[in-house]
Every structure is written in C-alpha cells, then in structure tokens.
Amino acid sequence: MIKILANDGIDPIGKQLLEEAGFFVDTNNIPQDELPVKLQEYDAITVRSATKVRKALIDACPNLKVIGRGGVGMDNIDVEYAREKGLSVYNTPASSSLSVAELVFASLFGSVRFLADSNRKMPVEGGTKFNDLKKAYAKGIELRGKTLGIVGFGRIGKEVAKIAIGVGMEVLAYDLFPFNPELDIVLGGGTTVKVSVKTSTLDEIIKTADFITLHTPFIDKALFGAEELAQTKKGVGLVNISRGGLIDELALVDALNSGQVAFAALDVFDNEPTPRQEILTHPKISLTPHIGAATNEAQERIGVELANLIIDHFKKA
Ligand SMILES: O=C(O)[C@H](O)COP(=O)(O)O
C-alpha cells in the first residue's frame, strides 16, 4: 500500500480522496529532526511551508517518490535536487490566489484605519484614554481613487488587481515577464467585465504608488531596501504577503520611524517562525502569522488538487 505522510496536514476532503484511491494517509506531524528516520517508510510526503525537505532528508529516504507542496512557494524544498534524484515534486499554484488577495485587502483596509494598533491599545488604554485614541486614529485614508502598485503580476497579483479595480483604485502592475494587462472580473450574478491595468516599471511604482503590494518569490535580496524605501512617495503603505526578505526589515523600521513609510502590513518575515521584536512591536505594522492561504476554501482546493496530483502520479507509475 502507498503510504503518504501529510506532515503539515491536509484538508479532510483531500485526505478522503487519497484514502478512496487506496492510499494510507498519516496526518501526524513528525518533528523535523525525526523525519530522516521516520520518513523512510513512506512513499510520499506532503508539506506546507513549515516542514523543510532538504537534500539530506531526500538522501536519507530512498523510498520517497513524491514531494507534494500544498501551496505555492517551494522555497522549503530542494526541488532541483529532488528531481535530479528522480522524485516528482508538485505544488498547487492556483488554489490560494483569491485568499491571498483578500488578505491583502483585509490588511490594506485595516491599515488605513489603524485597526491593528487600535486593537493593541484599546484593551489597555480604551477605558481611560478613549478620546486620546480617537484623536490618534483620526486621520484615516480611503482606498478609492488611490494608486496601488502591484509588484509581481502572476495569479495572485491579478486577483489583487481585480479587487483593487472593484474598490475604485488605480492599478500599476509590474512583472519581470511580459503579461496581458487585461483581466476578466466575474461579478456576482455571473456577469463578466473586462478591465485593464496599467503596465508599469518597478521604478514608477516605487516613486508614484500610494500603496505597494508584493507578489514575487524571494530570489536573493530585498526588492525594497533603504534606497528604494527612500524613493517612495512619502507616506506610502506597504503590504508583504509574499515572502520574508523582500522588504529589508531594519530599513523598514527606519522608514516607518521617519514617516517615509506610513504603515506596513506583514504576513511573512525574515526569521519565521520567530520574527524580530522590532517588527512584532512596531505600532505602524499590522501583523499576521503567514496566513495568506489559510482559509477553509483555499485549503480545500489545495487538498483536492494535491490529492489528485498524487493519485495521478501513482496511477501512471
Ligand atoms: O506559498 C504559499 O502557498 C503560502 O506562503 C502559504 O504557505 P502555508 O501553506 O504555509 O500557509
């Protein structure tokens, strides 16, 4: 019987599909340091971003045939090495785009009305300094009519653009690769509307956008270091629900303190799962613990897609 270890969990429907196909699915979370021994008895492992599947683990498990990533980013997997060793590596790139895009807007709407800081301070100061807090949060901003720069115009960037257009924002989109700026927005009731974003350069986005959201993988250095942050429109808002490291965190703290950057909304961090204190405690940062894809709907789509990929793999083998 094919044995699958879903080390970071899998949606119950995905699990059920695998079991109906005749596979044994273990959803126990085996600690990273025990995997080199315990994973040896499995044919496949599925992970999210927590479990690392590095060269040494791959070498320790010669029976392993498939690595499945329930999600998009594969930076926790030595993908090339695994493929060189004859393993198949799958991810589910489309299933979570909408959930990530919705978190971008949850973060943006929240940040322009100081929700994160207000929720930190109200339980402590709300009873005695209500009117002081009311004043502190008096300069909210509307999103309608503002310019959103989207850096990385793949599946997630496009979903972000659709919501932004619905909100009435101007969208500047940049990607390393050429893309079609036209998008179809499906409205409630099923009507489809064709819209278009403005193709932009990274430089134009840095210098002119009111808000910037990042949707690229982390390659080797921060896209937004001190130099780029200094060139942004004063009072820009930044959102990173992509990968830690894309914004230089120390430069960001400086830019927030000087007022160059008005706020940042971060779902991903340099040192996950232990982000630095300066980031965790900054009043102008809205924080979430890497939950962009963490909705019931996205996880169900991911589980089903991953299960079908694994079933197809072993059917063909
Ligand atoms: O790359 C991804 O799909 C996201 O960062 C989600 O990661 P997660 O599966 O750990 O939530």
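Counting from 1, the numbers follow the sequence of the chain as shown. Counting starts at 1 for both ligands and their atoms, following the listed order. Just the heavy atoms: all of them, side chains too, but no hydrogens, waters or symmetry mates, feed the values below.
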For H290 and ligand 1, does the shortest N/O to N/O distance drop below 3.5 Å? yes
K121 and E125 ion-paired at < 4.0 Å: no
Which atoms of ligand 1 have any heavy atom of G73 under 4.0 Å away? 1 (O), 2 (C), 3 (O)
Under 4.0 Å to a heavy atom of R243 - the qualifying atoms of ligand 1, by number: 1 (O), 2 (C), 5 (O)
I need the nearest protein heavy-atom contact for atom 10 (O) of ligand 1: residue, atom name and distance, please. S49 OG, 2.4 Å
With heavy-atom distances below 4.0 Å as the criterion, list the atoms of ligand 1 near G70. 9 (O)
Say whether R69 and ligand 1 are in contact under the criterion: heavy-atom distance to a ligand atom below 4.0 Å. yes
For atom 11 (O) of ligand 1, the closest protein heavy atom turns out to be R48 NH2, 2.8 Å
Which residue in the set E182, E204, E170 passes salt bridge (charged side-chain N to carboxylate O under 4.0 Å, His left out) when paired with K198? E204
So, is the end of the K3 side chain (NZ or CZ) under 6.0 Å from the ring centre of Y42 and within 45° of the ring's axis? yes
Which atoms form the tightest heavy-atom contact between T216 and S242, and what is the distance? O-OG, 2.5 Å
At their closest point, which heavy atom of A293 faces which heavy atom of Q299, and how far apart are they? O-NE2, 2.9 Å
If you look at every heavy atom in M1 and D43, which pair is closest and at what distance? O-OD2, 3.9 Å
Among the clusters formed by ILVMFWY side chains lying less than 4.5 Å apart, do L223 and L229 turn up in the same one? yes
With respect to S242, determine whether any N or O atom, backbone or side chain, lies less than 3.5 Å from an N or O atom of ligand 1. no
Enumerate the atoms of ligand 1 whose separation from the nearest heavy atom of G71 is less than 4.0 angstrom. 3 (O)
Salt-bridge present (K207, D203; N to O < 4.0 Å): yes
Backbone or side-chain N or O of V72 under 3.5 Å from ligand 1 N or O: yes
Does ligand 1 have any atom that is closer than 4.0 Å to a heavy atom of A294? no
Could you tell me whether some N/O pair between Q299 and ligand 1 is separated by less than 3.5 angstrom? no
